Amino acid sequence: MTEQYFHATLTQIEERAKRLLAGVPPHLDGMDALCESCRRDLDSVILGAQSLRDDDEYQNAAIQTERLWLLRNLFGQLDILESSAVAALQRVNIDDHRMTRTARVLAEECKFPLAAPVVSCTSQDYFSIDTKLRLVQIPLTDGRHLLHLADLAHEMAHGLFADRHNPKVQAFKRALREVKALVYAHFDQRRKDLGLGRSPIGLRERTPIWSESWLNSWAVELFCDLFGVFAVGPGYGWAHLHLCLRQPSDSHQCPIFDTTSHPANAARTAVIVDGLQRAGFGDEADELAAAWEGFLNLTRESPDADFVECYPNKLLRQVVDFGFKGYKEIGCQVVSRSPMGKCQALLNTAWQQFRSDPEKYPAWETAAMNKFYSEFGL
Amino acid sequence: MNNAGLESSIYEQLRGYSESLNRYLIKLKIEPENARFNPPKEVAELIQGLGDNVPVEVSVQLLSSGLRERGAFPKARVKRLRAALDSGASGRDTVRDLEELAQYLGRHQAGAFARLRRMR
């Protein structure tokens with residue numbers, strides 16, 4: 001790769017970042033922190049590009065591979081900023097303001113230890129979060145409805161794992177590490193046991209895939225589910241069930257060939273139900289468990305022998321124990337029946353209304369949202 | 001729920017490690033006398049995490065399983081690398097190890113980026 005190529009490409013990065021910087025609004029009510037993060041990151045991209053292009057040390061022939069990686073990092077940073085945060089900030093509307101307010105009120109009610117994220121209705125998929133910029137993206141019309149908003153709490157929880165050094169989140173990460181140590185020990189022992197005698201065909205080969213899935217992502221996802229349960233309450237469980245109904249999936253999925261990002265819905269439901277019980281919502285937990293059974297009857301699904309191997313009951317219970325401990329140790333407040341925060345009450349009542357009188361629900365939802373947001377002038 | 005939250009954390013953390021590691025490599029190559037005794041905290045943290053059975057950070061966990069799957073960087077090699085950096089006795093072997101690690105890091109970063117982009 002020639003020096004001219006580096007020079008031209010880095011100049012292009014610099015120009016692109018400057019154009020994006022000019023497009024970041026100077027002030028947006030409730031979203032100034034995101035505007036500031038964008039400006040800071042774009043500024044660092046500009047400085048990085050100038051340095052990689054102009055500083056003498058980067059002209060050295062021996063370090064061009066490293067220089068290329070640094071250039072790629074700048075591109076990556078810029079691509080993400082352009083497609084998520086800057087794009088979101090350039091089209092902010094009333095739904096974005098309402099959803100950002102929802103996240104902020106929920107964060108206050110559960111005493112979330114980090115700044116509440118900005119929410120933008122620009123997702124092309126389901127709910128997601130850019131943990132660095134603290135930007136949650138939700139689908140275009142989800143800002144007009146309440147039933148899935150409990151999932152904001154799940155996305156907010158992902159932010160707790162992104163921060164490497166913030167002392168406010170360390171207890172939650174330590175709790176996760178305890179779970180991962182138990183997972184590691186469990187599957188290591190299982191692997192040894194299976195090596196001693198005869199075992200079902202393929203079980204020995206599948207066990208490491210399950211172990212890796214648990215360690216790489218399932219434990220995190222289950223912790224985020226628990227955060228949703230403890231921050232919102234039963235409404236989080238109903239939102240989860242609703243999502244299971246919406247999307248085609250194998251409720252008892254145990255990966256065979258490769259790791260997966262999310263645990264099976266049946267395992268997630270078990271953790272959510274157990275979490276609700278732990279939070280003091282025993283009756284609601286029973287109701288949700290019964291509804292889950294009804295769902296399985298409808299889809300004619302049942303677990304096979306792999307399921308208990310892949311998701312041992314003991315591990316699922318330990319996840320709840322440590323998730324509960326970690327949640328409280330970072331100073332978060334477990335939702336309680338009374339008094340419930342305004343946002344928590346709104347999200348839970350929405351589910352009660354939807355389930356008890358689905359026909360009148362749309363009118364109720366519109367009125368309830370207008371009342372809630374009018375307090376904030378939205 | 002999709003896994004963008006997790007992927008976003010993984011990508012951003014890997015990018016941070018990659019940035020530090022590549023900058024450190026540049027220093028080692030350009031001014032070895034000044035750089036070899038001072039691995040940046042982030043590089044030291046990464047290498048320490050790779051030697052752990054259950055790393056705290058989500059990105060190190062993923063990188064660690066990926067390396068294990070490929071048979072690259074077994075624990076003994078990580079331990080050697082860490083000892084070399086700690087003692088300031090880093091020579092060509094250390095640079096080669098770090099270069100290889102930077103390559104693996106880059107590959108995982110590319111994977112995380114691709115998964116992230118597909119979601120957006």
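Throughout, protein chains are lettered first and strands after them, A, B, ... in sequence-line order, and every chain is numbered starting at 1. Predicted, not measured: the structure shown is a model, and the values here were computed from it.
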> Is there a side-chain contact between Arg72(A) and Gln109(B), using heavy atoms and a 4.5 Å cut-off?
Replying inline: no

> Does any heavy atom of chain A fall under 4.5 Å from the side chain of Glu69(B), the backbone, both, or neither of them?
Replying inline: neither

> Do the non-hydrogen side-chain atoms of Ile80(A) and Glu12(B) ever get within less than 4.5 Å of each other?
Replying inline: yes

> Judged by modelled atom types alone, do Arg164(A) and Gln13(B) share a side-chain donor-acceptor pair under 3.5 Å?
Replying inline: no

>> If I measure from the heavy atoms of chain B, does Glu212(A) come under 4.5 Å with its side chain, its backbone, both, or neither?
In response: side chain

> Got a salt bridge between Arg23(B) and Glu66(A), using NZ or NE/NH1/NH2 to carboxylate O under 4.0 Å?
Replying inline: no

>> Counting heavy-atom pairs closer than 4.5 Å to chain A, which one of Leu62(B), Ile26(B), Leu25(B) comes out on top?
In response: Ile26(B)

> Side chain, backbone, both or neither: which part of Asp79(A) has a heavy atom under 4.5 Å from chain B?
Replying inline: both

>> Working note: Arg15(B) + Trp69(A), criterion side chain to side chain contact (heavy atoms under 4.5 Å, CB included); need CA distance, chi angles, decisive distance, verdict.
In response: CA-CA 10 Å; Arg15(B) 191 168 63 76; Trp69(A) 279 116; over 6 Å; no

> So, Glu7(B) and His158(A): side-chain donor and acceptor under 3.5 Å apart, yes or no?
Replying inline: no

>> Keeping Lys173(A) on the side-chain end and Val56(B) on the backbone end, is there a donor-acceptor pair under 3.5 Å?
In response: no

> Hey, are Arg177(A) and Asp52(B) close enough for a salt bridge, meaning a charged N less than 4.0 Å from a carboxylate O?
Replying inline: yes

> Is there side-chain contact between Asn53(B) and Lys180(A), with heavy atoms separated by less than 4.5 Å?
Replying inline: no

> Hey, is the main chain of Phe161(A) close enough, under 3.5 Å, to the side chain of Ser9(B) for a donor-acceptor pair?
Replying inline: no

>> Which atoms of Asn73(A) are under 4.5 Å from chain B, going by heavy atoms: the side chain, the backbone, both sets, or neither?
In response: both

